[in-house]
Visitor: 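Mind having a look at this structure? Questions to follow.
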There are 2 protein chains.
Amino acid sequence: MPSEASTQKRVTISDVARYAGVSNATVSAVLNNKGTVKDSTRRRVLEAIEKLNYRPSGAARRRLQPTLHRTIGLVVKEVDNPYFADIFLGARAVANQHGYTVLITSSESDFTSEHRIVDLLADKDVDGLIINPLLEEQADLSHLFELKRRNIPFVLIENVLGLQANIVDVDNVAASKEATRYLIEGGHERIIHFAGPRYSLHTEERIEGFRRAFSETNLIFREDMIVYAGARLKDGYEKGLAYFQEHRDNPPTAVTCYNDLVAIGLMRALHQLGIKVPDQVSIIGYDDIAIAEYLPIPLTTVRVPKTEMGAKAAELLIRQIEGANGRGGSDAVERIFLQAQLVVRNSTRPLK
Amino acid sequence: MPSEASTQKRVTISDVARYAGVSNATVSAVLNNKGTVKDSTRRRVLEAIEKLNYRPSGAARRRLQPTLHRTIGLVVKEVDNPYFADIFLGARAVANQHGYTVLITSSESDFTSEHRIVDLLADKDVDGLIINPLLEEQADLSHLFELKRRNIPFVLIENVLGLQANIVDVDNVAASKEATRYLIEGGHERIIHFAGPRYSLHTEERIEGFRRAFSETNLIFREDMIVYAGARLKDGYEKGLAYFQEHRDNPPTAVTCYNDLVAIGLMRALHQLGIKVPDQVSIIGYDDIAIAEYLPIPLTTVRVPKTEMGAKAAELLIRQIEGANGRGGSDAVERIFLQAQLVVRNSTRPLK
DNA sequence: GTGAAAGCGCTAACAA
DNA sequence: TTGTTAGCGCTTTCAC
C-alpha cells in the first residue's frame with residue numbers, strides 16, 4: 001500500500017538503489033551476476049527490482065561493447081511467401097559466418113509499415129539492411145534517404161526507380177521472356193499472364209518480359225492477355241476460377257504466372273473446373289519454391305536463385321559495413337544480377 | 001592520403017565536430033535536420049560526416065524517447081514453415097493495434113542460435129518476446145532465466161518442461177489422439193506415425209496422442225509404429241520412400257504425420273511408388289497450412305488455430321508489458337490452450 | 001547561428 | 001563487500 005503511483009517515468013537503476021538503500025554500482029553488480037555481493041544485500045536488491053518492476057535498459061548497458069551483437073535487418077513484403085524464407089536462409093548462412101544475426105520484419109505490403117520498420121531498425125542500430133521495397137505511387141523514399149543520411153548501408157532485392165542503391169536481383173524481364181518464349185516455341189498461341197500485385201516492380205518486369213516474347217514472334221500482344229491476380233494462393237485460385245469461367249468458350253492454352261503460389265492456386269481452380277493440366281492448359285510458375293517440385297503435377301517454373309540472392313546480398317552488405325569502416329572508400333554502388341532459369345517439369349506440354 | 005588509419009575506435013559525433021571545426025551541438029543539429037544551421041556550416045559538417053564515415057548511434061539518440069518504438073521479438077524454429085508465418089500474422093495484427101512492431105528471428109533448430117538470439121533481442125530492448133523454444137537435452141534454460149532476471153516478459157508457444165512461464169499452445173496430445181482415433185474408427189488397423197524432429201516437444205506430445213488412441217481400443221501399440229521423419233517436405237519424402245519400399249509386403253493403411261509438410265512430402269513419395277492416396281493409404285497432416293487445401297488431393301489434417309495463437313500470444317504479452325508497468329501486480333503466469341480440430345478432406349478414407 | 005555544459009541509464013575503475 | 005566517480009555518444013537547454 002505504500003509506494004505512490006509514480007508518474008509514467010521509467011524506473012531506473014537509481015530508483016532501485018534508493019529503494020534498496022544501496023548504491024547504483026551494487027545494483028549493477030547484482031544485475032550482472034558478479035559474485036561480489038553479499039547474499040543479504042543481493043536479496044534486498046532483488047526485492048526492490050521486483051517491487052518496482054525495474055527493467056534495465058539494454059541500450060545503456062550495451063554502449064560499452066557496441067560491437068557485441070552485429071545485426072542485419074531483412075525487410076520483406078509478405079512473410080507467407082516461401083520465397084522470403086529462402087532469401088533469409090541464404091543471408092543467414094553468410095551473416096552467421098561473419099558473426100551477424102539476421103532480424104526479419106515484414107511490411108505486409110503496407111507502405112507505412114515499410115517506413116516505420118526501416119526507422120525502427122535504424123534506431124535499433126542494426127548494422128545494415130536488406131530490403132525488398134514496395135513499389136509506391138507517391139515515390140516517398142524518405143526512409144531510404146534517411147538511411148543514407150545516417151550512413152547505414154543497405155541493399156535492395158528489388159529495384160527502386162530513381163535511387164542510386166546497391167541491389168541484388170534477377171533479370172526478370174529476360175527470365176519472363178524466356179518462359180513465354182518456351183511456350184510460343186512449343187506451339188502455344190493463346191497465352192495469358194497472371195500478373196502480380198501492383199505494389200511490386202517485379203510485376204511490371206515480368207509483364208514486360210511476357211510482352212517482349214511476343215514482339216519477337218509474329219504473334220500479337222494484346223493488353224487483355226494480362227490478368228492482374230496477385231501474389232498468393234488465393235489470388236491465383238479466385239482469378240483462375242473467374243477467368244476460366246468467363247472464357248469458357250475460348251480459353252487460353254497456357255498461362256504464365258507471377259509466382260508459384262499463384263500458379264498453384266490457379267491449378268486448383270482448373271482442377272475444380274475439370275480442366276486438365278497440362279493436357280488442356282499449360283502452366284508456368286515463377287520462383288521455384290520448394291513445394292513446386294512436390295506437387296503431383298510438378299510445376300514448370302522459373303528458378304530464382306533465392307538462397308544465393310540472400311547470400312550475395314548479405315555479402316555485399318557486410319562488405320559495405322566493414323569496408324566502410326576502414327576508409328570512406330568503397331562507396332560505389334553495386335548492382336548484381338543473377339541468372340534465373342526455366343525449369344521444365346510436368347505442368348507444361350508443347351502443342352506441336 | 002592524409003587521414004591516418006585510426007585505431008578501430010568508433011567514430012563519434014565529437015570526431016565529426018572536431019574535423020568540421022564546430023561543436024557537437026551543431027553536428028547534432030545537422031543530423032536532425034533542425035533548420036537552425038547556416039548553409040555553409042551544414043555543408044562542412046556533411047562533408048566531415050562523409051569523410052569520417054560517421055554513423056550516429058541509435059542507442060544514444062533514442063535514450064530520450066525510449067518509448068518511441070515498441071517492439072516484440074518473435075523467435076521461431078524454422079522460417080521455411082508456413083506455420084510460423086501465420087503465427088506472425090496473428091501476432092502482428094494485435095501488435096500493430098497496440099503500436100508495437102514484431103521482429104522475427106529464427107534459431108533454425110540450433111540451440112546456440114536460440115541463446116544468442118534471445119540475448120540479442122534483450123540487448124536491443126525489445127519490450128517482450130514470443131518464443132518457440134527448442135527442446136534441449138542439456139536443459140540449459142539460462143537465456144530464459146536471464147529474461148526473467150531482466151524482467152522482460154515473454155510467452156512461449158511450445159512448452160518448456162521445468163519452467164514457470166506464460167504459454168499459448170494447443171493440446172497436442174488430445175488433437176493427435178483425435179486424429180488417430182478417427183482412423184481407427186474408420187477401420188484402420190495398421191497405422192503408423194511419421195514423427196517430428198527430436199528437438200521439439202510437440203513431437204513427443206503428438207506421439208503420445210497417437211499412443212493413447214491405441215490404448216483406448218483393443219489394438220496394440222508398438223514402438224515400431226513411430227517413424228522419426230522430421231519437419232520438412234524433404235523429410236517426409238525421403239522417409240516415405242524408404243519406409244514404403246522396405247515395407248512393400250505389408251504396408252500400413254494409414255499414416256499420421258507430424259505436420260503438413262511431412263505429409264506432402266510423403267504423398268510425393270507414395271505417388272512416385274505408385275501407391276494411391278487415399279485408396280491404398282490414408283494420410284493425415286497437422287497444422288493445416290494454407291496449401292493443404294490447395295492440393296489436388298486436399299489434405300486431411302489437424303487444424304491448429306495459428307493466427308489466433310499468434311494473436312493470443314501477443315495479447316498476453318502486451319498485457320504483461322503494460323500491466324507490469326502499472327504496478328508490480330499481475331505477475332501470475334498464464335497458460336492458454338486453444339482447441340485444435342481435425343479437418344477431414346480427401347487424403348483419408350474409412351476402410352469400412 | 002553556434003558553443004558550453006548538463007544529463008540520459010548504465011558499467012567499470014578505483015577507493016574505502 | 002560496497003560506494004564514488006568518471007565516462008559512454010548523443011540531445012538539449014541556455015548563454016553568447
Side-chain angles (χ1 to χ4, degrees), chain A residues 6-46 48-49 52-69 122-125 127 149-152 325, chain B residues 6-46 48-49 52-68 122-125 127 149-152:
Chain A
S6 61
T7 47
Q8 258 314 57
K9 281 199 85 41
R10 196 187 218 292
V11 179
T12 76
I13 202 173
S14 307
D15 298 323
V16 176
R18 200 174 314 121
Y19 191 98
V22 299
S23 76
N24 290 12
T26 305
V27 177
S28 175
V30 171
L31 246 32
N32 293 286
N33 263 346
K34 309 267 189 233
T36 69
V37 184
K38 202 179 10 175
D39 222 54
S40 64
T41 316
R42 150 185 248 87
R43 242 193 313 275
R44 235 167 347 115
V45 171
L46 255 15
I49 290 180
L52 301 178
N53 203 270
Y54 167 63
R55 202 172 303 159
S57 149
R61 135 185 302 204
R62 181 163 34 103
R63 180 112 18 76
L64 302 196
Q65 321 128 330
T67 311
L68 195 78
H69 291 295
D123 272 9
K124 292 283 185 195
D125 279 329
D127 299 285
R149 224 159 30 89
R150 289 170 73 164
N151 227 317
I152 300 175
N325 236 339
Chain B
S6 61
T7 47
Q8 257 313 56
K9 280 201 85 43
R10 197 187 216 292
V11 178
T12 76
I13 201 172
S14 307
D15 298 323
V16 177
R18 199 175 316 121
Y19 190 99
V22 299
S23 76
N24 291 9
T26 305
V27 178
S28 174
V30 171
L31 245 32
N32 293 286
N33 264 345
K34 308 268 189 236
T36 68
V37 185
K38 200 176 13 169
D39 222 55
S40 63
T41 316
R42 147 183 250 89
R43 243 194 311 277
R44 235 167 348 114
V45 170
L46 255 15
I49 290 181
L52 302 178
N53 202 270
Y54 167 61
R55 203 173 302 161
S57 148
R61 136 185 302 203
R62 180 162 35 104
R63 179 112 17 75
L64 301 196
Q65 322 128 330
T67 311
L68 196 79
D123 272 8
K124 292 282 184 196
D125 279 328
D127 299 284
R149 231 165 16 97
R150 290 169 72 164
N151 226 319
I152 300 176

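In what follows, every chain begins at residue 1, and chains take the letters A, B, ... in the order their sequences are listed. As the structure is a prediction and not an experimental result, all values here were calculated from the model.
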Visitor: For the side chain of B:A25, counting heavy atoms from C-beta on, which of D:dT1, D:dG3, C:dG3 is nearest?
Guide: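 Nearest to the side chain of B:A25 among the choices is C:dG3.
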Visitor: Between CD1 of A:I49 and CD1 of A:I13, what distance do you get to the nearest 0.5 Å?
Guide: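 It comes to 8.0 Å.
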Visitor: Of the options C:dT11, C:dG3, D:dT2, whose atoms approach the side-chain atoms of B:S23 most closely?
Guide: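 The answer is C:dG3.
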Visitor: Working to the nearest 0.5 angstrom, can you tell me the gap between A:R150 CZ and A:D123 CG?
Guide: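 So the gap between those two atoms works out to 5.0 Å.
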Visitor: First locate atom CZ of B:R149, then atom CG of A:N32, and finally report the distance between them rounded to the nearest 0.5 Å.
Guide: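 These two atoms lie 7.5 Å from each other.
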Visitor: Report yes if at least one side-chain N or O of A:S57 is closer than 4.0 Å to OP1 or OP2 of C:dG9; otherwise report no.
Guide: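 Answer is no, no contact under 4.0 Å.
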Visitor: Nearest to the side chain of B:T12 - D:dT11, C:dC10, D:dC10?
Guide: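 Nearest nucleotide to the side chain: D:dC10.
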Visitor: Closest approach to the side chain of B:T26, judged atom by atom: which nucleotide of C:dA12, C:dG3, D:dG9 is it?
Guide: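 From the listed options, C:dG3 comes nearest.
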Visitor: Can you tell me how far the NZ atom of B:K38 sits from the CZ atom of B:R44, to the nearest 0.5 Å?
Guide: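 Interatomic distance, B:K38 NZ to B:R44 CZ, rounded to 0.5 Å: 8.0 Å.
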Visitor: Pick base, sugar-phosphate or nothing for B:V22, based on heavy-atom distances below 4.0 Å to the nucleic acid.
Guide: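 Sugar-phosphate, no base atom in range.
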Visitor: Nearest heavy atom decides the nucleotide; on that basis, is A:V37 or B:A29 closer to the 5' end of DNA chain D?
Guide: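 It is A:V37 whose nearest nucleotide is closer to the 5' end.
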Visitor: Rounded to whole Å, how long is the line connecting atom NZ of A:K34 with atom P of C:dC10?
Guide: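 It works out to 15 Å between those atoms.
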Visitor: Give one of base, sugar-phosphate or nothing for B:T41, where a contact means two heavy atoms less than 4.0 Å apart.
Guide: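 Sugar-phosphate, no base atom in range.
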Visitor: Starting at CD1 of B:I13 and ending at C1' of D:dG7, how long is that distance when rounded to a whole Å?
Guide: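 So the CD1-C1' distance, B:I13 to D:dG7, works out to 16 Å.
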Visitor: When rounded to the nearest 0.5 angstrom, what distance separates CG in B:D15 from CG in B:N24?
Guide: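 Here the interatomic distance stands at 9.5 Å.
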Visitor: Given atom CG of A:N151 and atom C1' of D:dG9, what is their separation to the nearest angstrom?
Guide: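 About 16 Å, once rounded to whole Å.
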Visitor: Just the rounded figure in Å: distance from P of D:dC8 to CZ of B:R61.
Guide: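 Rounding to the nearest Å, CZ of B:R61 and P of D:dC8 are 20 Å apart.
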Visitor: Give the rounded distance in Å between these two atoms: CG of B:D15 and P of D:dC8.
Guide: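 Roughly 11 Å, once rounded to whole Å.
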Visitor: Rounded off to whole Å, could you give me the CG-to-P distance for the A:N32 and C:dA13 pair?
Guide: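 Distance, rounded to whole Å: 13 Å.
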Visitor: Given C:dC10, D:dT2, C:dG3, identify the nucleotide with an atom nearest to the side chain of A:K38.
Guide: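 Nearest to the side chain of A:K38 among the choices is D:dT2.
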Visitor: Grab the CG-P distance between A:N24 and C:dA13 for me, whole Å please.
Guide: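 So the CG-P distance, A:N24 to C:dA13, works out to 17 Å.
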Visitor: Taking atom P of C:dC8 as reference, at what distance in whole Å does atom CZ of A:R55 sit?
Guide: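 After rounding, the reported distance stands at 20 Å.
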